> 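Quick one: structure below, then a few questions.
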Protein chains: 2
Amino acid sequence: MAATLRDVAELAGVSIKTVSNVVRGYQHVRESTRATVLAAIAETGYQPNLSARSLRIGRSGVIGLALPELALPYFAELAGAVIDEAKAAGVTVLVEQTGAELDAEHGVLRSPTRQLTDGLVFSPLAMGQDDVDRLDVDYPLVILGERIFDPACDHVVMDNVEGARAAVAHLVAAGCRRIAAVGAHLGEEQGSAALRLRGYREALEEAGLPYDEDLVGYVGMWHRVDGAEAMRALLARGIEIDGVFGMNDTLAFGALRALQDAGRRVPDDVRVIGFDDLDETRYTAPSLSTVDPGRLEIARTAVRVLLERIAERAAGGEPSPPQRYTTGFRIVERESTRAR
Amino acid sequence: MAATLRDVAELAGVSIKTVSNVVRGYQHVRESTRATVLAAIAETGYQPNLSARSLRIGRSGVIGLALPELALPYFAELAGAVIDEAKAAGVTVLVEQTGAELDAEHGVLRSPTRQLTDGLVFSPLAMGQDDVDRLDVDYPLVILGERIFDPACDHVVMDNVEGARAAVAHLVAAGCRRIAAVGAHLGEEQGSAALRLRGYREALEEAGLPYDEDLVGYVGMWHRVDGAEAMRALLARGIEIDGVFGMNDTLAFGALRALQDAGRRVPDDVRVIGFDDLDETRYTAPSLSTVDPGRLEIARTAVRVLLERIAERAAGGEPSPPQRYTTGFRIVERESTRAR
DNA sequence: TTGAAAGCGCTAACAC
DNA sequence: GTGTTAGCGCTTTCAA
């Protein structure tokens with residue numbers, strides 16, 4: 001059986017309070033006592049029981065991270081960054097996948113698991129304006145990546161509209177006039193897809209180009225296969241296309257392949273840009289231009305804000321009002337939009 | 001404050017035992033009582049305190065998953081599968097990254113976090129034969145993906161040697177005679193890299209081809225960049241190469257790009273095969289042939305075995321001896337090795 | 001500086 | 001079928 005405080009105390013000939021003091025790094029312990037206790041700890045291999053500590057102090061040192069799925073590289077890279085940040089702060093991360101399904105997204109907010117985590121970093125995909133009330137929960141919650149209007153919690157957002165606008169403007173600057181958008185979600189108004197579509201429209205408008213519904217490729221998810229299929233469907237329409245805005249990099253990757261299969265040369269005939277700056281964009285042929293949304297900054301900010309909220313709540317007192325944190329982005333030009 | 005059993009009991013006018021019975025689905029509760037209690041639970045919004053339950057019963061319903069890093073797509077897809085499997089069994093997953101560093105791999109085995117998880121699924125990369133003693137821990141542990149000889153715990157392995165052998169044999173069958181291996185680790189004897197290199201050598205031998213150290217590309221990690229750099233280095237040697245075995249798909253992806261940059265046509269001049277069957281291999285140009293190691297089966301087996309161990313230990317009694325589970329693989333032929 | 005003891009919320013043995 | 005109660009291992013007041 002694992003050793004407890006009591007075992008260590010007995011072995012060291014002190015009370016459990018003294019052992020606890022040593023374990024928790026309390027200052028006022030006589031050096032000789034501390035040494036005795038540390039020896040006893042080493043001998044028994046004592047490790048604090050975190051469930052007991054958690055029950056007692058009301059915090060577990062675990063935060064939750066809920067995201068659509070790790071099979072989407074963007075979320076995998078994000079999760080990796082969140083876990084690293086959390087670890088640096090001495091906190092561990094419990095990861096849950098929602099599959100971007102509305103029920104699962106609601107579920108994760110009320111899951112019994114929330115009793116085990118001190119707070120949640122949540123990247124919703126299916127939830128929209130109608131669900132904003134559900135975000136009014138009684139534990140620290142940080143929302144990622146969406147611009148849901150005025151939720152009752154902190155949120156860390158990338159500037160989806162501006163990023164998309166810049167991406168499409170980049171295509172325009174490269175000479176594109178018939179730019180397809182791949183990755184729209186039918187009927188969506190608040191999610192990343194809707195916001196990036198808005199950025200696309202704004203960029204067209206600024207450039208004096210017409211918005212043509214025939215140039216919009218609708219998809220279910222944002223996997224590579226969806227990008228490829230949407231692109232094929234667009235090409236099948238037989239309309240002229242000289243630029244493609246993939247709403248994320250995996251879509252753009254799939255679209256790139258579909259273009260090449262159809263005999264279109266990239267960037268000569270069609271220029272392509274994605275969104276996310278995934279590692280894989282550096283290695284496609286041609287490499288993909290993209291929007292770097294500062295994934296690391298998002299992860300870092302989310303963890304920091306969440307831990308601040310957890311600390312604030314532990315300290316008692318009035319919570320400060322929820323805030324929105326917007327991270328910067330930058331266009332990364334690679335071969336897929338390079339002028340010849 | 002969150003409601004407790006006592007609050008619910010008071011509201012329902014019963015004892016906490018009865019509430020506990022209802023919560024835990026105990027059969028022998030009068031229907032009317034159950035209804036009253038359920039109403040009280042709904043009214044108070046009661047959720048069981050998992051730390052308290054965990055402290056009491058000695059299990060948390062959380063398992064740990066330790067892997068090199070989520071930024072490696074193989075591990076991201078694996079983690080996603082593990083989380084899904086665990087969820088289906090009513091268990092949540094705490095994810096830790098080791099960065100493939102030896103200290104971190106040792107650390108994860110002794111981390112205080114282990115006090116919070118009922119068991120661990122661990123995919124080591126840096127650990128070798130010298131470290132096998134460390135795997136003799138006092139909690140349920142399942143090792144993934146390595147063929148460490150006779151560890152004192154269960155392990156689920158893919159057949160690295162056979163898979164690699166088949167991959168290289170596939171290249172040989174396609175007519176390759178000068179086959180480079182990209183992804184070897186200098187001095188490694190037990191890890192995936194060593195095993196896949198062994199499979200490479202065996203396949204050459206079977207084909208009556210000489211093993212040429214000049215055809216082996218050594219790398220640090222298995223990222224795309226490592227594959228690209230190793231391939232460039234190989235090409236810089238000026239030796240003849242008509243086939244490339246990437247020890248995983250990301251390496252192969254990087255190598256593919258490096259080949260193309262050097263003006264080599266794939267598969268015309270050089271054929272390329274990878275390992276892992278990542279989604280991205282379907283979309284590169286040309287698409288990458290690879291070895292499908294049955295990631296889903298690995299995840300499923302690992303979670304099943306771990307949960308069985310946890311149950312076994314909860315039931316008391318003698319534990320059964322540790323077992324090795326080997327999953328099957330299959331060659332996936334795509335464009336990068338297709339005959340013209 | 002150290003010790004005694006209460007109690008976090010839950011489960012389960014035992015009593016009725 | 002339901003109630004009483006001990007105790008899981010820890011932190012923390014309060015006393016000494």
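Proteins come first, then strands; the chains are lettered A, B, ... in the order of their sequence lines, and each starts at number 1. The shown structure was predicted, so the numbers you read here are calculated from the model rather than taken from an experiment. Every heavy atom of this structure was used, including side-chain atoms; hydrogens, water molecules and symmetry mates were not.
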> Go through C:dC10, D:dT4, C:dG3 for me and flag the one nearest to the B:Asn49 side chain.
C:dC10
> Under 4.0 Å, heavy atoms only, any strand: does B:Ser51 hit a base, just the sugar-phosphate, or nothing?
nothing
> May I have the distance from B:Arg59 (atom CZ) to D:dC8 (atom P), rounded to whole angstrom?
17 Å
> Going by heavy atoms closer than 4.0 Å, what residues in residues 113-120 of chain B are next to DNA chain D?
none
> Contact class for A:Arg6 vs. all strands (heavy atom < 4.0 Å): base, sugar-phosphate, or nothing?
nothing
> Compute the angle between the rotation axes at the two ends of the helix from C:dT1-D:dA16 to C:dC16-D:dG1, each taken over five pairs, rounded to 10 degrees.
40°
> Name all pairs fulfilling the salt bridge (Lys or Arg N to Asp or Glu O under 4.0 Å) condition that reach into residues 54-82 of chain A, sequence neighbours left out, sorted by first residue then second.
A:Glu77-A:Arg295
> Identify the two heavy atoms, one from B:Leu70 and one from A:Ala79, that lie closest to each other, and give their separation to 0.1 Å.
CD1-CB, 3.7 Å
> Listed by chain and number, what are the salt bridge (Lys or Arg N to Asp or Glu O under 4.0 Å) partners of B:Glu31, not counting sequence neighbours?
B:Arg34
> Classify the nucleic acid contact of A:Ile57 as base, sugar-phosphate or nothing, counting any heavy atom under 4.0 Å across all strands shown.
sugar-phosphate
> Taking only residues two or more places apart in sequence, or in another chain, which ones meet B:Thr326 in a side-chain contact (heavy atoms from CB on, under 4.5 Å)?
B:Val157, B:Asp159, B:Arg324
> Under 4.0 angstrom, heavy atoms only, what part of the nucleic acid is A:Ile16 near: base, sugar-phosphate, or nothing?
base
> Any salt bridge (Lys or Arg N to Asp or Glu O under 4.0 Å) involving residues 91-113 of chain B? Give me the pairs, sequence neighbours left out, ordered by first then second residue.
B:Glu96-B:Arg114
> Would B:Glu10 and B:Arg6 pass as an ion pair if we require N to O under 4.0 Å?
no
